[in-house]
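Worksheet: the structure to be examined is printed underneath.
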Amino acid sequence: MRLRAAFLAMTLIGTAVAGQAHASVTCQPTSGSIARVGTIATNAVRKASGLPALTAHPALNQAAARHACDMARSGRMSHRGSGTNGPAARVKAAGYAPSRTAENIAAGPFTVSGVLQAWVNSRGHRKNITMRQARHFGLGSAIGADGRTVYWAAVYAAPR
């Protein structure tokens with residue numbers, strides 16, 4: 001709960017929004033710039049922890065973006081999706097065969113850099129970022145119906 005309050009207290013510096021809208025919810029595929037920022041920030045943390053770098057994976061970006069959109073449409077932050085129980089099912093539906101998955105989510109008025117920093121500063125979220133078995137990750141966001149709340153999802157996975 002404390003982490004969510006921290007997310008809500010963060011300020012929005014700027015997020016590019018384009019793509020498909022649903023009842024004033026804006027959903028978009030993960031852009032190349034968001035994937036690059038995510039890769040750099042994620043791998044800096046992993047390197048400092050003595051772990052190998054992760055590669056952004058298109059199927060994981062798709063799964064993360066779809067889950068962010070699902071959260072924005074429902075107006076709530078949850079690891080359970082409207083049609084799934086967790087990230088493994090979403091990742092499989094996107095065409096990735098995982099042996100292991102982890103997921104970070106957030107909702108609030110902040111940028112990709114802001115959400116990544118909040119996750120790094122949270123022990124549980126950082127644990128997902130530094131999951132030893134992970135080799136790939138994906139990142140996605142969607143804008144809520146209020147036009148201010150950004151829903152974020154990051155998926156970390158190891159292939160079978």
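All residue numbers in this chain count up from 1 along the given sequence.
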Exercise. Passes side-chain contact (heavy atoms from CB on, under 4.5 Å), Leu51 versus Arg132? Steps please.
Worked result: CA-CA 7 Å; Leu51 296 169; Arg132 290 191 181 285; 3.1 Å; yes

Cluster check [X], [Y]: I/L/V/M/F/W/Y, side chain < 4.5 angstrom:
X: Ile34; Y: Phe110; value: yes
X: Val150; Y: Val120; value: yes
X: Trp152; Y: Leu60; value: no
X: Ile129; Y: Val155; value: no

Between [X] and [Y], is there a donor-acceptor pair closer than 3.5 Å when you use the side chain of the first and the backbone of the second?
X: Thr30; Y: Leu139; answer: yes
X: Arg46; Y: Met131; answer: yes
X: Asn43; Y: Ala53; answer: no
X: Asp70; Y: Arg66; answer: no
X: His67; Y: Ser78; answer: yes
X: Ser49; Y: Val45; answer: yes
X: Thr42; Y: Thr39; answer: no

Distance (rounded to the nearest 0.5 Å) between [X] [atom1] and [Y] [atom2]:
X: His57; Y: Asn61; atom1: NE2; atom2: CG; value: 9.5 Å
X: Tyr151; Y: Arg76; atom1: OH; atom2: CZ; value: 10.0 Å
X: Thr55; Y: Arg135; atom1: OG1; atom2: CZ; value: 9.5 Å
X: Asn128; Y: Thr101; atom1: CG; atom2: OG1; value: 9.0 Å
X: Ile40; Y: Lys47; atom1: CD1; atom2: NZ; value: 12.5 Å
X: His136; Y: Tyr96; atom1: NE2; atom2: OH; value: 5.0 Å

Say whether [X] and [Y], considering side chains only, have a donor N or O and an acceptor N or O under 3.5 Å apart.
X: Ser99; Y: Arg160; answer: no
X: Gln28; Y: Ser141; answer: yes
X: Thr111; Y: Ser113; answer: no

Exercise. What are the two closest non-hydrogen atoms of Trp119 and Ala106, and how far apart are they?
Worked result: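 Heavy-atom minimum between the residues: NE1-CB, 3.9 Å.
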
Problem set entry | Worked check of side-chain contact (heavy atoms from CB on, under 4.5 Å) between Tyr156 and Leu54 | CA-CA 9 Å; Tyr156 308 91; Leu54 299 183; 3.9 Å; yes

